[in-house]
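Please read the structure below before turning to the comments.
Starting from 1, each residue takes its place in the sequence as its number.
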Amino acid sequence: MGMTHALNVNPDAIVNEARIAYFSIEIAPLFYSDQERFIDFMRHAIALNGSFFNTQRMVLQYVTKAYLR
């Protein structure tokens, strides 16, 4: 049994905390120090994730999970 299971820690929660820490340390300060670079970073993030986070996928996922179990 791995150490995370022995301590009853969710590995996904650890990854999520790491992402939040990265955003807080690396990305958020760009907003104040270099807004052009921050905007470029946000545009890039939207371009990468836009195809996944869309209304069609969300509605399909909702219907599948709520009604087709």
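- Through ILVMFWY side-chain contacts below 4.5 Å, Ile46 is grouped with nothing and stands alone.
- Taking Leu30 as the reference, Ser33, Asp34, Arg37, Phe38 meet the side chain to side chain contact (heavy atoms under 4.5 Å, CB included) condition, with sequence neighbours excluded.
- Between Thr64 and Leu60, the closest heavy-atom pair is OG1-O, 2.7 Å.
- Remark: Arg43 pairs with Ile39, Asp40 by the side chain to side chain contact (heavy atoms under 4.5 Å, CB included) rule, at least two apart or across chains.
- Scanning for side-chain hydrogen bond (donor to acceptor under 3.5 Å, both in side chains) contacts around Glu26 gives an empty result, with sequence neighbours left out.
- Partners of Val15 by side chain to side chain contact (heavy atoms under 4.5 Å, CB included), not counting sequence neighbours, listed by chain and number: Arg19.
- With sequence neighbours excluded, no residue forms a ring-ring contact (aromatic ring centres under 6.0 Å, His included) with Phe41.
- Hydrophobic cluster membership of Tyr62, counting Ile, Leu, Val, Met, Phe, Trp and Tyr whose side-chain heavy atoms lie under 4.5 Å apart directly or via other members: Val59, Val63, Tyr67, Leu68.
- Under the 4.5 Å side-chain contact rule for hydrophobic residues, Tyr32 and Met42 share a cluster.
- Contacts of Asn54 classified as side chain to side chain contact (heavy atoms under 4.5 Å, CB included), with partners at least two apart in sequence or in another chain: Gln56, Arg57.
- Within 6.0 Å of CD on Gln35 lie more than 12 heavy atoms contributed by other residues, nucleotides or ligands.
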- [ ] Take Asn10 and Ile14, measure what side-chain contact (heavy atoms from CB on, under 4.5 Å) needs, and give me the verdict at the end.
- [x] CA-CA 7 Å; Asn10 183 350; Ile14 293 171; over 6 Å; no
